[in-house]
Amino acid sequence: MKNLSGQGLIAATIKGFLDGHEYRYDHDEEKSVFSMGFTLDNDRVKVRIVYNEEKEWFSVFVYPSHSIPVKQVEKILPVLNKINFDVLFGSIYCDPSDGELAVRCSASVDDRSINETMVGVMLSTGLNLIDDHINEIMKALYA
């Protein structure tokens with residue numbers, strides 16, 4: 001998918017959203033990734049927006065500053081399952097190999113259906129999932 005200037009439509013739309021909100025970010029066109037950081041009410045997070053122009057999708061990944069000790073990953077899995085069952089969009093997961101927590105919100109954008117509002121919804125959904133639930137996850141870990 002290309003826009004009129006020949007730039008990828010997904011990348012151009014994401015860039016338009018980020019620029020329109022004056023977010024500071026890095027864009028690695030070769031890897032198809034936008035990267036930035038945010039300070040939320042309950043945590044600091046790193047965000048990656050990964051896209052694929054050919055397969056027509058993009059995903060927002062939000063990584064909180066907290067990791068789970070590998071030996072305690074199983075302790076928080078019931079909490080993550082409950083959160084994921086209760087939310088409509090996105091999911092929180094934990095990499096069992098290193099304890100890294102992350103939120104993933106993905107969208108297919110076939111037939112030129114992407115717009116800046118969609119990017120904003122996906123980004124705010126990922127940020128809100130972490131901000132709303134990080135304390136619950138940490139309480140379960142240290143209970």
Side-chain angles (χ1 to χ4, degrees), residues 1-138 140-141:
M1 256 187 318
K2 301 275 186 191
N3 67 9
L4 295 177
S5 69
Q7 181 179 27
L9 183 60
I10 298 171
T13 305
I14 295 168
K15 183 177 183 334
F17 171 81
L18 297 174
D19 289 345
H21 287 82
E22 299 181 357
Y23 291 136
R24 292 177 19 196
Y25 62 88
D26 292 319
H27 182 202
D28 185 336
E29 290 183 58
E30 186 175 307
K31 294 182 180 179
S32 301
V33 176
F34 290 87
S35 304
M36 66 214 79
F38 290 93
T39 300
L40 307 176
D41 291 338
N42 296 308
D43 205 355
R44 285 185 329 251
V45 297
K46 293 180 183 176
V47 174
R48 292 178 52 219
I49 304 175
V50 181
Y51 60 94
N52 187 309
E53 299 284 352
E54 290 178 17
K55 295 185 179 179
E56 300 180 323
W57 59 261
F58 76 99
S59 293
V60 175
F61 293 89
V62 180
Y63 302 94
S65 63
H66 301 84
S67 286
I68 306 301
V70 174
K71 292 180 180 180
Q72 295 184 300
V73 167
E74 286 186 29
K75 191 173 183 179
I76 65 153
L77 292 180
V79 174
L80 297 182
N81 284 339
K82 181 185 179 317
I83 292 166
N84 289 333
F85 181 79
D86 290 340
V87 299
L88 186 57
F89 297 107
S91 61
I92 302 176
Y93 60 94
C94 183
D95 184 338
S97 68
D98 63 7
E100 180 181 59
L101 283 170
V103 168
R104 179 180 59 217
C105 300
S106 299
S108 174
V109 293
D110 55 335
D111 297 325
R112 306 178 69 84
S113 62
I114 190 169
N115 59 48
E116 290 182 19
T117 299
M118 178 189 275
V119 175
V121 167
M122 300 298 283
L123 179 60
S124 64
T125 297
L127 294 172
N128 288 333
L129 265 172
I130 283 297
D131 208 34
D132 292 347
H133 297 287
I134 192 67
N135 290 337
E136 181 181 353
I137 295 167
M138 291 298 112
L141 176 64

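Residue numbers count from 1 along this sequence.
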Qualifying residues under ring-ring contact (aromatic ring centres under 6.0 Å, His included), relative to His21, sequence neighbours excluded
Phe17, Tyr23

To the nearest 0.5 angstrom, please state how far the CG atom of Leu18 sits from the CE atom of Met36.
4.5 Å

Under the side chain to side chain donor-acceptor pair (under 3.5 Å) test, residues paired with Ser67 that sit two or more places apart
none

Point-to-point distance, once rounded to the nearest 0.5 Å, from CG of Asn84 to CG of Leu77
10.5 Å

So which pairs with a foot in residues 74-83 pass side chain to side chain donor-acceptor pair (under 3.5 Å), sequence neighbours left out?
Lys82-Asp86

Locate the shortest heavy-atom distance separating Tyr93 from Val103; write the atom from each residue and the value.
CE2-C, 4.4 Å

Tyr25: ring-ring contact (aromatic ring centres under 6.0 Å, His included) partners, not counting sequence neighbours:
Phe34

Sequence neighbours excluded, which residues qualify as side chain to side chain contact (heavy atoms under 4.5 Å, CB included) partners of Pro69?
Gln72, Leu141

Quick one, Val47 and Leu127 - any side-chain contact, counting heavy atoms below 4.5 Å?
yes

Quick check: closest heavy atoms across Leu101 and Pro64, and the distance to 0.1 Å?
O-CD, 3.3 Å

Take Met118 and Asn115, measure what side chain to side chain contact (heavy atoms under 4.5 Å, CB included) needs, and give me the verdict at the end.
CA-CA 5 Å; Met118 178 189 275; Asn115 59 48; 3.6 Å; yes

Please round to the nearest 0.5 Å and tell me the distance separating atom CZ of Phe61 and atom OG of Ser35.
11.5 Å

Sequence neighbours excluded, the answer for side chain to side chain contact (heavy atoms under 4.5 Å, CB included) partners of Asn135 is Asn42

Under the side chain to side chain contact (heavy atoms under 4.5 Å, CB included) rule, what do Phe58 and Thr13 come out as? Steps first, then yes or no, please.
CA-CA 11 Å; Phe58 76 99; Thr13 305; over 6 Å; no

Steps toward side chain to side chain contact (heavy atoms under 4.5 Å, CB included) verdict (Tyr51, Ser32):
CA-CA 6 Å; Tyr51 60 94; Ser32 301; 3.7 Å; yes

Do you know the tightest heavy-atom contact between Leu9 and Glu53?
N-OE1, 3.3 Å

Starting at CZ of Arg104, measure out to OG of Ser91 and round the result to the nearest 0.5 Å.
5.0 Å

To the nearest 0.5 Å, how far apart are CD1 in Ile68 and CG in Asp98?
11.0 Å

Run the side chain to side chain contact (heavy atoms under 4.5 Å, CB included) check on Tyr63 and Arg48 step by step: do they pass?
CA-CA 8 Å; Tyr63 302 94; Arg48 292 178 52 219; 3.4 Å; yes

Taking all non-hydrogen atoms of both residues, which atom of Asp43 and which atom of Asp131 are closest, and how far apart?
N-OD1, 4.1 Å

So, for Val62 and Ile130, which heavy atoms are closest and what is the spacing to 0.1 Å?
CG1-CG1, 3.9 Å

Smallest heavy-atom separation, Val73 atom then Gly99 atom, equals CG2-CA, 4.2 Å

Which value, rounded to the nearest 0.5 Å, describes the distance between Ile137 atom CD1 and Cys94 atom SG?
8.5 Å

